[in-house]
Every structure is written in structure tokens, then in C-alpha cells.
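Shown next, in C-alpha cells, is the structure this report addresses.
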Amino acid sequence: MILPRSFYDRPTLDVARELVGKVLVHRTRGVVTSGRIVEVEAYIGESDPACHAAPGRTRRNAPLYGAPGFAYVYLNYGIHHLVNAVTEPVDHPAAVLIRALEPVDGLRAMRRRRHLPAKGRRRTEGVAIPDVDLCKGPGNLTQALGIHLIHGGLDLCDSPLFIEDVGGDAPTLSWGPRIGIRVGTDRLWRAWIAGHPSVSAARQSSSGRSVLSLNA
DNA sequence: CGTTCGATGCACT
DNA sequence: GTGCATCGAACGT
């Protein structure tokens, strides 16, 4: 079942917690690619310095202020597309960033897209990407699923891009600081499936940093 | 193993 | 002109 708008129209941390284990699906030209969400981050409100709404409403972040259940896609570092699910009622700017998936459907298409020369790169390496790494990291998963800026603003409740509840037990979550940001690292708003091989690793500037983990 | 660095495009000041 | 919610190649150990 496709998650209804009411799922997204709730406190963002609740949505983030429950998105883990759901399946993100993208249908394109008869090709279906999908993956089980194994890692997310919450970005909540203008008071969150890492949220794109921190500077107030702009043309770029307008979707965050809009209705819940829509996709917020943007390009960062000039290379990577990142996909979020907008949460909370209108005028409450917040979203959940999808950071990693366990590949489910369309692995062949994922491999093809991932091995395409990445934007800004001469070519991808000849070594095959392990299946478990195809959607590891927010930039990699959008490439694998073929999600681009065009898909920003799509209705996750009624479009070729959607999130499904496929049943099964709720996974055991770990929570820790969001990664890849320079502000707002005090908030433990990153959630992932403990020990899952498709969860992205933080790039640390110093070695041996341990991540604080809390069971949900 | 570990860390550093450049690519790249867009929104915003 | 500046700064990024990244990635992987290229180093150093």
C-alpha cells in the first residue's frame, strides 16, 4: 500500500522513524527501481540551522513550506541529487532526507545508471559496484533510481515516485547525529537500521570517532 | 587501512 | 562571488 498523505502530515521525527523499512519506488519508462529505506535524516523548521528553511522562505525551499507528502529534490555540490519527503502541515517547513536503500527491484537498471559516467566525472571505474552498495548514500540512491531535479514537487501519494508499506516487522533503529553537515550536529536526527550493510558511512576528519547510538 | 581534495551547478547575498 | 544535507580517486601510512 502506498503511504497516504496522513502518514506525512505528522511530527517529522515520527515520520522519519516509520519511513525506515518502507520501500521507495520509482517507475520510469516501464522500468521499476525500488529499495527498502535503511537510513534517513530529519530536517525540521527554521530553527534547525541545517534545514534548508533556516534562512526563511525562498524560491528554492518553498516546497518545504508546502503540503506534506511531496518530494523535495535538490542538487548539491553541483553533482548530486538528494530526495526528501516533505512532512508536517502547510507552513511548517520540514522534511525527511532519504539517505540509503537496500536494493529491492530493478538491480540491472540501477547498475546501468550507477556505471554511467557520473556528472562531472570522466568515467566510472571498471570495477562492478556490489549490489549492497548500489543505493548507499543519498547521492547514489537518486542516481540508481533515476531521480533528478525534474522530480522535485512530485506527489509521493500519486505519482511515479512513491513510498510503499510492504508490511513486516519494524526494524531496530539506531539514532545519532546527522552527517555531512557543519551546523546542527547536536541534534540526533539521523536514524538507520543498526548494522545494515547498505547504510552509508560518515566521512570523518579524524579517525576512530564513535557514533552515539540509541535504540529506539 | 586512513585522510585529502577536486568536480560542478545552482540558489542566494 | 560564496557555500553546499556528496562522491570517489589519489594519495599517505
Side-chain angles (χ1 to χ4, degrees), chain A residues 12-13 15-16 19-20 24 37-66 70-88 93-101 110-111 113-130 132-153 175-192 197-211:
Chain A
T12 303
L13 291 177
V15 178
L19 272 181
V20 180
L24 176 66
I37 298 171
V38 297
E39 180 188 357
V40 298
E41 282 176 0
Y43 290 86
I44 310 174
E46 296 181 348
S47 61
D48 173 6
C51 182
H52 279 183
R57 190 174 200 140
T58 65
R59 178 148 89 260
R60 178 207 206 188
N61 66 27
L64 294 176
Y65 291 79
F70 286 79
Y72 172 54
V73 181
Y74 84 101
L75 184 65
N76 88 115
Y77 295 101
I79 299 173
H80 305 287
H81 296 88
L82 273 60
V83 63
N84 301 250
V86 175
T87 59
E88 310 214 12
V96 175
L97 169 69
I98 313 298
R99 285 197 56 93
L101 311 174
M110 290 183 187
R111 280 184 216 107
R113 290 167 176 155
R114 288 293 316 275
H115 286 292
L116 247 36
K119 189 186 283 189
R121 266 173 216 295
R122 301 191 166 178
R123 73 180 66 167
T124 27
E125 276 313 292
V127 184
I129 300 170
V132 77
D133 292 345
L134 283 171
C135 302
K136 182 183 205 162
N140 287 334
L141 79 88
T142 54
Q143 187 181 8
L145 265 62
I147 298 172
H148 309 286
L149 284 183
I150 329 271
H151 304 107
W175 291 82
R178 297 171 294 179
I179 59 182
I181 54 174
R182 307 183 63 115
V183 291
T185 51
D186 55 313
R187 293 159 166 85
L188 306 186
W189 287 352
R190 174 178 178 239
W192 66 96
S198 293
V199 170
S200 70
R203 187 178 309 271
Q204 308 288 10
S205 55
S206 59
S207 64
R209 284 245 324 262
S210 62
V211 177

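Chain letters run A, B, ... following the sequence lines, proteins first and then strands; every chain starts at 1.
- Residue A/N140 is in sugar-phosphate contact alone, with no base atom involved, counting any heavy-atom pair closer than 4.0 Å across all strands shown.
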Could you please spell out the steps behind the side-chain contact (heavy atoms from CB on, under 4.5 Å) verdict for A/Y65 and A/E46?
-> CA-CA 10 Å; A/Y65 291 79; A/E46 296 181 348; 2.5 Å; yes

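- Nucleotide C/dA5 forms a pair with no other nucleotide shown, judged by Watson-Crick or G-U wobble geometry with both contacts under 3.5 Å.
- One interatomic measurement links the two molecules: OH of A/Y74 to C1' of B/dC10, which rounds to 11 Å at whole-angstrom precision.
- Atom P of B/dT13 sits at a distance of 15 Å from the matching atom of C/dA5, rounded to the whole Å.
- Comparing the P positions of C/dT13 and B/dC5 gives an interatomic distance of 13 Å, to the nearest angstrom.
- Comparing C/dG8, C/dC4, C/dT6 by their nearest atom to the side chain of A/R182 picks out C/dC4.
- Of the side-chain N and O atoms in A/R114, one or more sit less than 4.0 angstrom from OP1 or OP2 of C/dG8.
- Rounded to the nearest 0.5 Å, atoms CG (A/L82) and OG1 (A/T142) are 6.5 Å apart.
- Close to C/dA5, at under 4.0 Å from its OP1 or OP2, lies no side-chain N or O of A/R190.
- Whole-Å rounding puts the A/H81 NE2 to B/dT8 C1' distance at 11 Å.
- B/dT8 is unpaired under the Watson-Crick or G-U wobble criterion, no partner having all donor-acceptor distances under 3.5 Å.
- Atom CG of A/L141 and atom P of C/dA5 are 17 Å apart (whole Å).
- Distances shorter than 4.0 Å separate none of the side-chain N or O atoms of A/N76 from OP1 or OP2 on B/dA11.
- With hydrogens and angles disregarded, no donor-acceptor distance shorter than 3.5 Å links the side chain of A/R99 to the backbone of A/E41.
- Taking the 5.5 Å centre cut-off and the 30° plane limit, the aromatic side chain of A/Y77 is not classed as stacked on B/dA7.
- Between the C1' atom of C/dC7 and the NZ atom of A/K136 lies a distance of 13 Å, rounded to the nearest Å.
- A distance-only check finds a donor-acceptor pair linking the side chain of A/E39 to the backbone of A/S200 [under 3.5 Å].
- Rounded to a whole Å, the NE2 atom of A/H80 is 6 Å from the P atom of C/dC7.
- Separating the OH atom of A/Y43 from the P atom of C/dC4 is a distance of 13 Å, rounded to the nearest angstrom.
- Rounding to whole angstrom units, CG of residue A/L75 and P of B/dG9 are separated by 8 Å.
- We find that CZ of A/R60 is positioned 15 Å from P of B/dG9, with the value rounded to whole Å.
- The backbone N or O of A/D133 sits less than 3.5 Å from a side-chain atom of A/R114, completing a donor-acceptor pair.
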